There are 2 protein chains.
Amino acid sequence: MKQKYDDNARIIKALSDPSRLRIIDILSCGEKCACDILEHFDFTQPTLSHHMKVLMDCSIVECRKEGLWSYYYLNNNNCNRLILFLMNLITDTEDCICKDKSKCECK
Amino acid sequence: MKQKYDDNARIIKALSDPSRLRIIDILSCGEKCACDILEHFDFTQPTLSHHMKVLMDCSIVECRKEGLWSYYYLNNNNCNRLILFLMNLITDTEDCICKDKSKCECK
DNA sequence: TCCTCATATAGATGTTAATCTATATATGTT
DNA sequence: AACATATATAGATTAACATCTATATGAGGA
């Protein structure tokens, strides 16, 4: 249960950087290689490589190698899962933490 | 345009901590005072105060004072806005960054 | 007025993260 | 085999953050 928050917090942390949000937006219209993504930014190639690693480590982005190129693409299933988690979080649902009587005296 | 990513990244950063995700979950079933929220956690009262400040600074949570107590509650409108932003981000929409021909050679 | 209680702020500390330069790896070409 | 190109890794630096202890603020009650 606590794991649920940790796992999603890790994904959310990966998305908490403006540059990485832009990368997600760039990938939303289809897979792109690193050099195409890099054109949108002012930072260096190793910095992009770092950002892609962060996005891949939480399985929100995946990679396909082809010759010299790395093609990145969204894991749409995991993107949708994250949004479902957030919708669930802000909604008063059955698995809300408040329904855990043992730890909360909510009416 | 760039502002859009910065503003939402700030909200997402506020949500990128497991404890703050739990706080959102706790607030999803209605407003709570600080001491009720604190009961769910092992950290100290000043640490909770810090987390509430982070959540309030990005307008995802608001506060109502009543005597000695501070009652916190979700700003549902801003919660929904965030989810809409994310859904838009991962979807290939008209305002995708890729449609900006001046900066991207997407087919 | 003095005390108690709920919450906020200040300041310190250890950890994590974003970025850079330099270099490594691995594939394709001549 | 030697070289060029795309991407990844290593290591350093600076900034941001989560948490703590100590203290301040501000409202209610005796």
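Please read all numbers here as calculations on a predicted model, not as lab measurements. Naming: A, B, ... by sequence-line order, numbering from 1 per chain.
When heavy atoms are screened at a 4.0 angstrom cut-off, Ser70(B) is found touching the sugar-phosphate backbone but no base atom. Within the 4.0 angstrom heavy-atom criterion, no nucleotide atom of any strand lies near Tyr71(B).
Atom CG of Asp17(B) is separated from atom C1' of dA16(D) by 13 Å (rounded to the nearest Å). We find that CZ of Phe43(B) is positioned 13 Å from C1' of dC20(D), with the value rounded to whole Å.
Nucleotides of DNA chain C lying under 4.0 Å from heavy atoms of chain A occupy a range whose first and last members, 5' to 3', are dA17(C) to dG28(C).
Taking OH from Tyr72(A) and SG from Cys63(A), the interatomic distance works out to 4.5 Å, rounded to the nearest 0.5 Å. Rounding to the nearest 0.5 angstrom, the gap separating the SG atom in Cys58(A) from the CG atom in Leu15(A) is 6.5 Å. For the atom pair CD1 (Ile60(B)) and CZ (Arg10(B)), the distance works out to 11.0 Å, reported to the nearest 0.5 Å.
Ring orientation note: the planes of Phe43(B) and His51(B) are tilted relative to one another, at an angle of 30° to 60°.
Environment of CE in Met56(A): crowded, with over 12 heavy atoms of neighbouring residues, nucleotides or ligands closer than 6.0 Å.
Heavy-atom nearest nucleotides on DNA chain C were determined for Cys35(B) and for Thr47(A), and the one closer to the 5' end corresponds to Cys35(B). The residue among Tyr72(A) and Gln45(B) whose nearest nucleotide of DNA chain D lies closer to the 5′ end is Tyr72(A).
The shortest side-chain heavy-atom distance between Asp25(B) and Lys4(A) falls under the 4.5 Å cut-off.
Leu82(A) and Val54(A) fall into different hydrophobic clusters, where Ile, Leu, Val, Met, Phe, Trp and Tyr are joined by side-chain heavy atoms under 4.5 Å apart, directly or via other members.
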From CA spacing to verdict: side chain to side chain contact (heavy atoms under 4.5 Å, CB included), Ile83(A), Ile90(B)
CA-CA 10 Å; Ile83(A) 288 176; Ile90(B) 67 168; 3.7 Å; yes
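Listed by residue number, His50(A), His51(A), Gly67(A), Leu68(A) are the residues of residues 48-69 of chain A with a heavy-atom contact under 4.0 Å to DNA chain C.
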